[in-house]
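Single-structure report; data block below.
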Protein chains: 2
Amino acid sequence: MDIREIARRAKVSTATVSRAINRVPTVDPQLAKRVWRVVDELGYYPNTQARALVLGRTRIFGLIVSEITNPFFPEIVQTFEDLAVENNYEILLTSTVHDPKRMESSVRRMIERRVDGVAILTFGMEESLIEHLRDRKVPLVFVDVGPDVPGIANIRINYISGIRQAVQHLAAMRHTRIAFIAGPEHLKSAGARREAFETSMLEIGLPPDLVVIGDHRMEGGMNALLELNKMSARPTAVMCSNDMTAIGVLREAYEQNIKIPDDLSVVGFDDIHLAEFTIPPLTTVQMSQHGLAEIAFNALLNEVENSTSPREQHSYELVTSLVLRKSTTLARAVGSAIIPEKSNRTTRPRKAAESSPR
Amino acid sequence: MDIREIARRAKVSTATVSRAINRVPTVDPQLAKRVWRVVDELGYYPNTQARALVLGRTRIFGLIVSEITNPFFPEIVQTFEDLAVENNYEILLTSTVHDPKRMESSVRRMIERRVDGVAILTFGMEESLIEHLRDRKVPLVFVDVGPDVPGIANIRINYISGIRQAVQHLAAMRHTRIAFIAGPEHLKSAGARREAFETSMLEIGLPPDLVVIGDHRMEGGMNALLELNKMSARPTAVMCSNDMTAIGVLREAYEQNIKIPDDLSVVGFDDIHLAEFTIPPLTTVQMSQHGLAEIAFNALLNEVENSTSPREQHSYELVTSLVLRKSTTLARAVGSAIIPEKSNRTTRPRKAAESSPR
DNA sequence: ATGAAAGCGCTAACAG
DNA sequence: CTGTTAGCGCTTTCAT
């Protein structure tokens with residue numbers, strides 16, 4: 001069943017069918033109605049490939065993510081998909097799984113299918129591949145790309161806004177030995193988080209010297225806590241470069257019978273869905289996945305629909321901010337009674353025995 | 001840049017270019033090499049839309065899921081995508097978010113883009129919409145659809161295999177009051193799980209009478225535990241219709257200071273990624289998402305590539321099985337010393353006070 | 001306002 | 001073995 005069949009049955013030309021379907025206003029309402037009746041009767045849907053071929057636009061956006069199973073991404077994909085439906089776009093989703101081969105195939109698939117734009121929401125990407133897309137003048141939107149390349153929309157993450165809040169929240173709770181579990185050293189985004197932590201600490205006159213390296217996975221957080229425990233002056237609070245790291249800390253703390261938050265306050269970063277479900281619920285810096293996806297999609301849409309002044313430099317910003325849950329509390333009183341015992345509210349009454357040295 | 005441009009530069013016809021690119025063996029190696037050189041030089045990629053138009057096959061598979069943010073689905077999507085890359089297919093991913101409107105648009109999008117097949121891996125779908133796909137003779141693969149309709153591949157989940165293991169595991173640990181937190185009543189898959197539980201209990205002479213209804217979300221699990229606590233004969237173990245429910249139980253137990261597994265053994269269902277990260281790690285019945293996606297993809301591929309005897313009835317099965325983690329343990333000794341106190345190993349030594357009635 | 005016809009980029013039948 | 005050409009289903013001039 002094709003447009004000709006509809007034309008035949010409605011006793012009009014294919015041109016009229018096309019016009020009717022695309023709601024061209026000049027077509028006679030009578031004819032339009034006749035066409036639509038047939039269309040509905042037969043359940044006809046135009047062939048998108050054919051349409052794309054002649055229009056030169058596919059109404060497909062590429063979305064490249066690191067890996068769908070990373071809890072950071074599902075909400076991004078969902079939001080992107082919601083917006084796609086709304087705007088009659090399709091998504092070509094690929095994940096790089098941190099594999100250069102897959103990155104390459106991702107880009108190749110985008111080009112083969114002639115996507116109208118690509119959002120690269122991955123943390124870490126072979127720069128050379130991006131050239132292929134740029135060469136073909138495919139509108140691109142990036143997150144956190146360092147250099148400001150013209151013709152590419154850029155989403156800058158404001159890391160410090162949320163991280164500063166977290167540091168000050170902790171400081172206000174009398175924490176002074178605040179540690180940081182960093183992410184993989186090669187990741188730009190991880191570096192930016194660490195820098196934001198250091199800056200925030202220095203701003204309030206605290207030395208940012210308790211830093212250990214994690215890997216943005218649970219295991220890294222578990223190991224990091226072990227390291228932190230070996231220190232002579234153990235931290236009373238720890239900030240993590242992402243939520244999975246914090247979850248690792250929670251898990252290892254459980255194994256070691258360290259009470260969170262009473263013995264150690266922990267703060268995550270990202271605010272993935274899971275953060276709400278941990279025990280205790282994780283206080284974390286939110287980097288809205290919904291917001292990120294929304295900005296990315298609209299940037300692309302804007303680039304394509306209002307192909308305004310070509311190669312204009314667009315830049316967007318996503319702020320981060322602290323969300324308080326239950327994994328942070330007041331620092332334990334150091335020495336004598338700077339903080340009265342009773343102000344340190346916990347669910348169970350403290351037993352005397354717990355105060356004695358072990 | 002198109003096939004003609006390549007043809008011109010390689011001084012051959014477009015037909016030869018096409019043949020070379022598609023590795024038709026009869027083409028002269030000399031010419032083929034000449035073509036490939038130009039192709040590589042210019043970075044030419046064939047236009048997939050044009051190809052699809054003439055071939056009548058798009059090499060796109062539709063994948064309909066309930067919601068990407070549901071922890072059950074990311075791994076399915078990832079596996080599907082891995083297989084797609086391997087086989088040069090693309091995925092058109094849509095999520096219904098339990099919204100009839102979205103289900104409809106999902107199906108419409110599949111048809112418009114002329115997908116070669118659709119995997120419907122959603123739990124709950126408007127039957128009428130499926131007709132649209134069937135009418136167009138799109139190969140379909142389903143999970144858990146009740147009636148055996150011809151021309152549709154079917155993945156049957158073997159619920160009882162894993163659930164029986166779980167029940168017997170619990171019974172072997174001396175549990176006799178085993179509760180079940182069911183899923184939403186309208187979900188076929190939830191009903192099947194509940195039935196499997198009841199069957200498994202009856203098999204070993206235990207009454208499956210401690211059943212409360214959940215909603216397959218964390219909140220449902222939390223409420224269910226509250227209800228269970230109100231019972232006169234409280235269960236010592238609880239099985240959940242899915243992992244999110246179990247996570248809700250864990251969370252509520254933490255609030256109520258009920259120790260898992262010492263006070264209550266908990267078993268989940270699904271084995272989502274998250275189950276490994278809970279505190280304590282969740283013992284659960286695995287329903288391999290990887291396996292499910294793999295079966296679904298191959299079923300589709302098989303249907304399309306070896307379009308064998310048309311409308312043959314294919315059926316596949318996915319077994320479930322118990323994976324032991326840390327959320328289950330021996331039932332507390334009832335009354336006197338059936339089980340000697342020391343055999344009930346816990347991390348901390350039991351304090352005498354805890355044995356006295358409260 | 002409507003229709004005839006060209007053409008989007010590719011593949012496959014057919015001829016040579 | 002290679003080239004010429006029709007046509008996949010649609011949109012859009014260009015006439016009428």
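Side chains included, hydrogens not; waters and symmetry mates left out as well; all remaining heavy atoms used. Treat the numbers as computed from the prediction; the structure is a model and nothing was measured. So you know, we letter chains A, B, ... as the sequences are listed, proteins then strands, and number each from 1.
- In this structure, B/Arg57 atom CZ and C/dA12 atom P are separated by 11 Å, rounded to whole Å.
- Relative to the side chain of B/Asp2, the nucleotides D/dT4, D/dC10, C/dC10 differ in distance, and C/dC10 lies closest.
- Ionic pairing of A/Glu67 and A/Arg102 is not present here: no N-O contact between side-chain nitrogen and carboxylate oxygen is shorter than 4.0 angstrom.
- Taking only side-chain atoms of B/Thr16, from C-beta outward, the nucleotide of C/dT11, D/dT2, C/dC8 with the closest atom is D/dT2.
- Looking at the side chain of A/Thr26, the nearest of the listed nucleotides D/dC1, C/dA1, D/dG9 is C/dA1.
- With C/dG9, C/dC8, C/dA12 as the choices, the nucleotide that has an atom nearest any side-chain atom of B/Leu55 turns out to be C/dA12.
- Atom CD of A/Glu5 and atom C1' of D/dC10 are 15 Å apart (whole Å).
- Atom CZ of B/Arg4 is separated from atom P of D/dG3 by 16 Å (rounded to the nearest Å).
- Distances shorter than 4.0 Å separate none of the side-chain N or O atoms of B/Asn47 from OP1 or OP2 on C/dC8.
- B/Arg34 has its CZ atom 16 Å from the P atom of D/dC1, to the nearest Å.
- Side-chain proximity of B/Ala15 to D/dC10, D/dG9, D/dG3: nearest is D/dG3.
- The existence of a salt bridge linking A/Arg108 and A/Glu104 is excluded, since no basic side-chain nitrogen approaches an acidic carboxylate oxygen closer than 4.0 Å.
- If you measure from atom NZ of B/Lys11 to atom C1' of D/dC1, you get 20 Å, rounded to the nearest angstrom.
- B/Glu305 and B/Arg57 are joined by a salt bridge, as a carboxylate oxygen and a charged side-chain nitrogen come within less than 4.0 angstrom of each other.
- The residue among A/Thr14 and B/Pro46 whose nearest nucleotide of DNA chain C is located toward the 5' end is A/Thr14.
- Rounded to whole Å, atom C1' of C/dG7 lies 16 Å from atom CD of B/Gln49.
- No side-chain donor from either of A/Thr58 and B/Gln49 sits under 3.5 Å from a side-chain acceptor of the other.
- Summarising the geometry, the separation between CD1 on B/Ile3 and C1' on C/dA12 is reported as 12 Å, rounded to the nearest angstrom.
- Here the nucleotide nearest the side chain of A/Val54, chosen from C/dG9, D/dG9, D/dT2, is D/dG9.
- Relative to the side chain of B/Tyr44, the nucleotides D/dT2, C/dT2, C/dC10 differ in distance, and C/dC10 lies closest.
- Residue A/Leu53 contributes atom CG, which lies 17 Å from atom P of C/dA6 at whole-angstrom precision.
- Donor-acceptor pairing under 3.5 Å, judged by distance alone, is present between the side chain of A/Arg19 and the base of C/dG3.
- In the model, B/Ser66 has a side-chain atom that pairs as donor or acceptor with a side-chain atom of B/Thr122 under 3.5 Å.
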